[in-house]
Undergrad: 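One structure, as structure tokens, below. Some questions next.
Values in this document were obtained by computation on a predicted structure and should not be read as measured data. In listed order, ligands and their atoms are each counted from 1.
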Amino acid sequence: MNAETFPPIPFLDLKAQQARLGPQLRQRVDAVLAHAQFILGPEVAELEARLAAFCGATHCVTVSSGTDALQIAMMAEGIGRGDAVFLPAFTYTATAEVPLLLGATPVFVDVDPHTFQIDLASLESRIAEAKRAGILRPAAVIGVDLFGQPADWPGLCTIAAREGLFTLDDCAQSFGGALGGQRLGRAADATATSFFPSKPLGAYGDGGALFTESAERAALYRSLRTHGEGTTRYEVMRIGMNGRLDTMQAAILLAKLDIFEAEIARREAIAQIYDASLADIVTVPSRVPDSQSAWAVYAILFPNTDLRERAKNALQAASIGHAIYYPRALHQQPAYAGCHDGTALPIAENLGGRILALPIHPDLTDAQASRVAAVLRAALG
Ligand SMILES: *Cc1c(COP(=O)(O)O)cnc(C)c1O
């Protein structure tokens, strides 16, 4: 059959989701327009309570983006010049950008070849190297829950406890995911997530949140997101930032939270269709044991770049959305070349040429998922 007889399959379909959300979305937005408390209106506190309950965390502080969540968490620990912050080399730039902006040094760690999560053996050797060099103080480890799956938090926390490191969960892609039957949000000292529109729980603009079990940290996060304010409005206790979540975005997220669990279930069902129809021709995602993915990304691996390009071109020709997360490891990006010590990180360096992400949004139908698989099979067959 001719590919042109099929309508395009978008990578993400926020308009279809909007239709599914129904009148609740408009009611939420209208309520904000009516009370006109656009900054820290009542929806912000309501959302914080709902998000904390959703993931089982004690404290939730919403902020202006996932990047700002990372920044506020690190500012609260006083991380800066002379500090080493260990983080995976295969992640989005924000994870490494923030420590660098604060004057700290990102130390890139290799990732697991199957789950793409931070590799504990590589972390151990990077910590040992930093201690031997004696220039930087090992201060923190940022575990990224990549593509919707959790990092190895029990393993990371054991190493961090021994080395006295602050643990920060970059959960930007994985809010709604779980490890050991516990939703992500309390696996580390602090958890940062993002509500960028394409994340599993996305707003209609930028947004983010921090989760912690520590009342002291939560209070600091609240202060830091409003210019370091004290208990009264114009008391300035510390240098902070303008890092609040808009009331309008909180209202939208409240409407979306009502359907979020069902959306994760739908993403899981699509992942299973892809698994069943592609596992014999490409490497389908390895599941982190005892976990539930939030399925931000369904990424397949090809044996080499030529085959990946062949598959990518076939998807392109069939108007099927696709993406490459990430074409290069961070330490290979021009912006980070100057802060990397030259250590080879072979797995992270190899993935960019072989990886390809397929559409996995909750409005994708079974038939569309099967068609994506059929186009790939035809291209590789
Ligand atoms: C999206 C993302 C961020 C940044 O979130 P923003 O809300 O876009 O600032 C940070 N880390 C990772 C791993 C991400 O995917």
Side-chain angles (χ1 to χ4, degrees), residues 11-12 14 47 51 60-75 85-102 106 108-109 111-112 115-118 140-151 153 156 167-177 184-185 187-188 190-211 221 224-225 241-246 249-250 252-253 256 288 293-299 323-331 333 335-336 348 351-352 355 357 360-361:
F11 194 66
L12 187 69
L14 294 179
L47 177 67
L51 290 171
C60 171
V61 179
T62 54
V63 296
S64 40
S65 70
T67 307
D68 290 343
L70 294 170
Q71 180 165 336
I72 288 170
M74 304 198 82
M75 286 170 80
V85 177
F86 301 89
L87 54 95
F90 195 68
T91 177
Y92 184 58
T93 182
T95 317
E97 183 181 25
V98 169
L100 208 54
L101 274 173
L102 294 175
F108 296 103
V109 177
V111 296
D112 181 275
T115 65
F116 317 139
Q117 309 295 326
I118 190 168
V141 58
I142 308 181
V144 177
D145 302 319
L146 198 76
F147 296 166
Q149 299 212 87
W153 283 107
L156 285 173
T167 52
L168 176 55
D169 182 354
D170 181 345
C171 189
Q173 300 178 4
S174 306
F175 188 70
L184 294 166
T191 297
T193 197
S194 164
F195 304 126
F196 185 83
S198 65
K199 308 286 177 170
L201 180 62
Y204 289 164
D206 281 309
L210 281 158
F211 300 91
Y221 299 162
L224 287 166
R225 78 171 173 186
M241 56 197 279
N242 177 354
R244 295 168 299 238
L245 180 74
D246 292 354
Q249 299 305 337
I252 284 153
L253 288 165
K256 288 211 186 182
V288 169
S293 179
W295 290 115
V297 172
Y298 185 95
I324 296 178
Y325 304 121
Y326 296 94
R328 269 201 243 179
L330 286 183
H331 64 290
Q333 292 282 2
Y336 298 107
L351 289 175
I355 206 158
I360 192 164
H361 62 80

Undergrad: In the structure I gave you, are the side-chain heavy atoms of L184 and F175 within less than 4.5 Å of one another anywhere?
TA: no
Undergrad: Based purely on interatomic distance, does S194 place a nitrogen or oxygen under 3.5 Å from a nitrogen or oxygen of ligand 1?
TA: yes
Undergrad: Give the contacting part of T67 toward ligand 1: side chain, backbone, both or neither, where contact means a heavy-atom distance below 4.0 Å.
TA: both
Undergrad: In terms of atom number and element, which parts of ligand 1 are under 4.0 angstrom from non-hydrogen atoms of S65?
TA: 7 (O), 9 (O)
Undergrad: Which ligand 1 atoms, with their elements, are less than 4.0 angstrom from a heavy-atom of D170?
TA: 10 (C), 11 (N), 12 (C), 13 (C)
Undergrad: Does the side chain of L87 come within less than 4.5 Å of V144's, by heavy atoms?
TA: no
Undergrad: Heavy-atom contacts with G66 under 4.0 Å: which atoms of ligand 1 show up? List them by number with element.
TA: 5 (O), 6 (P), 7 (O), 9 (O)
Undergrad: For the aromatic rings, using the six-membered ring if either is Trp, is the centroid distance between F196 and Y92 under 6.0 Å?
TA: no
Undergrad: If you measure every N or O of Q173 against every N or O of ligand 1, does any of those distances drop under 3.5 Å?
TA: yes
Undergrad: To the closest 0.5 Å, what do you measure between CZ (F116) and CD1 (I355)?
TA: 4.0 Å
Undergrad: Mark yes or no for whether Y221, through its side chain, and T62, through its backbone, hold a donor-acceptor pair below 3.5 Å.
TA: no
Undergrad: In terms of atom number and element, which parts of ligand 1 are under 4.0 angstrom from non-hydrogen atoms of T91?
TA: 13 (C)
Undergrad: Which residue and non-hydrogen atom of the protein lie closest to atom 1 (C) of ligand 1, and at what distance in Å?
TA: K199 NZ, 1.7 Å
Undergrad: Give the intermediate values and the outcome of side-chain hydrogen bond (donor to acceptor under 3.5 Å, both in side chains) for residues Y298 and S293.
TA: CA-CA 10 Å; Y298 185 95; S293 179; over 6 Å; no
